[in-house]
There are 2 protein chains.
Amino acid sequence: MTTGEIDESFGGVTPDAARRLLLGAVRAFAERGFHATTTRDIAGRAGMSPAALYIHYKTKEELLFHISRVGHERSVAVLEESVAGTAGAADSAERLARAVRAFVRWHAEHHTTARVVQYELAALGEEHYAQIVVLRRRSEEILRGVLEEGVAAGEFDISDIRGTALAVMSLCIDVARWFSPEGRRTPEEIGELYADLALRMAGHRTAGLPA
Amino acid sequence: MTTGEIDESFGGVTPDAARRLLLGAVRAFAERGFHATTTRDIAGRAGMSPAALYIHYKTKEELLFHISRVGHERSVAVLEESVAGTAGAADSAERLARAVRAFVRWHAEHHTTARVVQYELAALGEEHYAQIVVLRRRSEEILRGVLEEGVAAGEFDISDIRGTALAVMSLCIDVARWFSPEGRRTPEEIGELYADLALRMAGHRTAGLPA
DNA sequence: CTGTGCACTGAGCGGCTGCTTAGCCCCTGG
DNA sequence: CCAGGGGCTAAGCAGCCGCTCAGTGCACAG
């Protein structure tokens with residue numbers, strides 16, 4: 001097993017020891033859950049003693065918060081970049097397809113980080129949770145915006161825009177739960193399939209036809 | 001907060017003390033996760049001492065297994081009943097809509113149980129997990145069967161049946177993650193919306209038109 | 001060379017963990 | 001009326017928890 005999947009998101013974290021602790025915590029939280037992970041386990045994975053953890057992070061919860069914040073920032077950035085510079089453009093279908101493709105690929109490729117990000121929210125402290133919710137709202141708004149523009153342009157046929165946006169979001173997020181690198185599909189293939197499914201959900205007229 | 005949501009699924013469990021322990025465990029596992037839940041917490045919710053737990057269940061893991069088994073059996077039964085007696089019938093679209101409506105409603109109405117059922121699988125012992133996987137495969141097969149019949153009958157337009165079935169399944173399951181009784185939608189409304197979305201994903205021709 | 005600062009460790013604190021055991025209470029059968 | 005037995009509890013076992021602190025070793029400034 002490589003750690004390449006995770007390095008990418010946390011490559012900018014310094015010093016080196018702080019990053020190693022973060023990487024160890026991501027794997028441990030994803031495997032066992034936050035509450036069931038011990039500081040001894042995290043420190044062990046980083047090749048350090050338990051006490052070293054508290055030089056870089058005040059508590060175990062702060063470690064989770066850092067993971068959650070960086071993870072959310074990355075996934076929102078991925079979503080933002082996928083539709084950047086195309087706002088107001090004619091082709092809403094292409095924008096939606098790009099957004100879903102990118103968001104799904106991130107959740108598949110970074111499924112370990114994504115699992116912590118999406119399923120350990122309840123373990124965050126109240127104040128930290130409030131900060132994360134702001135980031136989550138951003139990604140909802142981006143997706144809803146694409147759907148709204150498509151409906152306004154007559155490209156999409158949606159009766160419940162908010163509900164459909166949440167459903168598409170939910171579909172993408174759940175990839176992190178079931179995706180496995182040993183599975184029969186690559187992140188790219190899933191992204192492609194899901195982009196098509198999202199277009200269908202949005203009532204795009206030519207959805208599903210061969211390119 | 002009432003316990004009505006949970007009683008329904010575990011009403012048949014006897015004796016009374018065993019059921020009360022099961023109900024306490026469901027709530028505790030849903031709130032904190034299996035590994036982070038203590039036997040003292042479970043017993044406390046059932047109004048008993050920690051030792052009483054071990055009269056009715058061998059270990060904490062066996063308690064999780066019982067919840068997981070009953071929960072899976074119920075959700076598979078709901079899915080089965082929703083399409084019962086309609087196999088081979090002309091209207092595949094109606095079958096798919098009924099299946100998704102029922103499966104989504106179960107995950108919303110029983111979101112506490114569903115959360116444990118869907119998100120604590122990894123905490124099961126190897127042997128118990130193997131038994132649960134059999135039940136999970138059943139629900140996948142039911143949904144895939146409906147899609148296959150619809151494609152064969154020319155009602156649906158799907159290029160990747162297995163992938164689409166998994167996506168619809170995933171969409172329904174994820175309801176358990178985000179659903180809240182305090183939210184703006186009822187389980188019935190979500191079921192209705194999702195039934196329409198599933199028809200669109202299946203490429204049903206008249207999907208989305210008013211009834 | 002010495003002095004300072006800091007990442008890091010070993011040992012350990014009070015408290016909690018899953019689970020066990022010895023014994024009590026009360027319902028039932030005769 | 002008493003004997004038997006099962007549901008239940010109080011107490012406790014060995015071990016682990018998050019976190020702290022005094023002290024160690026090393027890099028670097030003067």
Side-chain angles (χ1 to χ4, degrees), chain A residues 10-68 116 120-129, chain B residues 10-68 116 120-129:
Chain A
F10 302 99
V13 177
T14 54
D16 183 66
R19 187 177 62 253
R20 268 158 43 219
L21 285 165
L22 221 49
L23 296 177
V26 166
R27 284 196 294 272
F29 291 163
E31 282 173 25
R32 310 249 310 151
F34 172 80
H35 289 297
T37 297
T38 69
T39 53
R40 285 163 177 84
D41 182 11
I42 296 169
R45 287 173 195 250
M48 307 168 81
S49 80
L53 194 153
Y54 294 90
I55 292 163
H56 301 282
Y57 303 95
K58 266 189 286 188
T59 63
K60 191 174 79 164
E61 191 268 350
E62 193 180 273
L63 208 33
L64 173 66
F65 173 62
H66 270 79
I67 293 166
S68 198
V116 178
E120 300 296 334
L121 282 177
L124 286 169
E126 204 170 330
E127 201 168 325
H128 286 159
Y129 179 75
Chain B
F10 302 99
V13 177
T14 55
D16 182 66
R19 187 178 61 254
R20 268 157 45 220
L21 286 164
L22 221 49
L23 295 177
V26 166
R27 284 196 293 272
F29 291 163
E31 283 172 24
R32 309 248 310 151
F34 172 79
H35 289 297
T37 297
T38 70
T39 53
R40 284 164 178 82
D41 182 11
I42 296 169
R45 289 173 194 250
M48 306 167 83
S49 80
L53 193 152
Y54 294 90
I55 292 164
H56 300 284
Y57 303 95
K58 267 189 287 189
T59 63
K60 189 175 80 161
E61 191 270 347
E62 194 180 272
L63 208 34
L64 174 64
F65 173 61
H66 270 77
I67 293 167
S68 199
V116 178
E120 299 296 335
L121 283 177
L124 285 169
E126 203 171 329
E127 202 168 325
H128 286 160
Y129 179 75

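Throughout, protein chains are lettered first and strands after them, A, B, ... in sequence-line order, and every chain is numbered starting at 1.
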- Task: Verify side-chain contact (heavy atoms from CB on, under 4.5 Å) between B:F34 and B:V116, making sure each step is shown before the conclusion.
- Result: CA-CA 8 Å; B:F34 172 79; B:V116 178; over 6 Å; no
- Task: State which of D:dT9, D:dT20, C:dC8 makes the closest approach to the side chain of A:A51.
- Result: D:dT20
- Given atom CZ of B:R32 and atom P of C:dC16, what is their separation to the nearest angstrom? 12 Å
- Between P of C:dC19 and CD1 of B:I42, the distance in whole Å: 10 Å
- When B:S49 and B:R40 are each assigned the nearest nucleotide of DNA chain D, the 5'-most assignment goes to B:S49
- Minimum-distance nucleotide to B:A17 side chain [options: D:dC19, D:dC8, C:dA7]: D:dC8
- Rounded off to whole Å, could you give me the NE2-to-P distance for the A:H56 and C:dT9 pair? 9 Å
- For A:G125 and A:E61 the tightest heavy-atom approach is N-OE2, 2.7 Å
- Out of D:dT20, C:dT9, D:dC8, whichever nucleotide has its closest atom nearest the side chain of A:Y54: D:dT20
- Task: Whole angstrom is fine here: how far is it from CD1 in A:I55 over to C1' in D:dG23?
- Result: 13 Å
- Closest heavy-atom pair and its distance - B:P50, B:R40: CG-CG, 3.5 Å
- Separation between CG of A:L53 and NZ of A:K58, rounded to the nearest 0.5 Å: 14.0 Å
- Message: Of the options D:dC19, C:dT21, C:dG18, whose atoms approach the side-chain atoms of A:T39 most closely?
- Response: D:dC19
- In whole angstrom, what separates A:L21's CG from C:dA7's P? 13 Å
- Can you check whether A:F29 reaches A:K60 side chain to side chain, under 4.5 Å on heavy atoms? yes
- Task: Please state how far atom OH in A:Y57 lies from atom P in D:dG18, giving the value in whole angstrom units.
- Result: 17 Å
- Item | Length of the line joining B:K60:NZ and C:dT17:P, which is rounded to integer Å | 9 Å
- Message: Measuring from the side chain of B:T38 (C-beta onward, heavy atoms only), which nucleotide among C:dG18, D:dC17, C:dT9 has the closest atom?
- Response: C:dG18
- Task: Could you tell me the separation between the CG atom of B:L63 and the P atom of C:dC19, rounded to a whole number of Å?
- Result: 10 Å
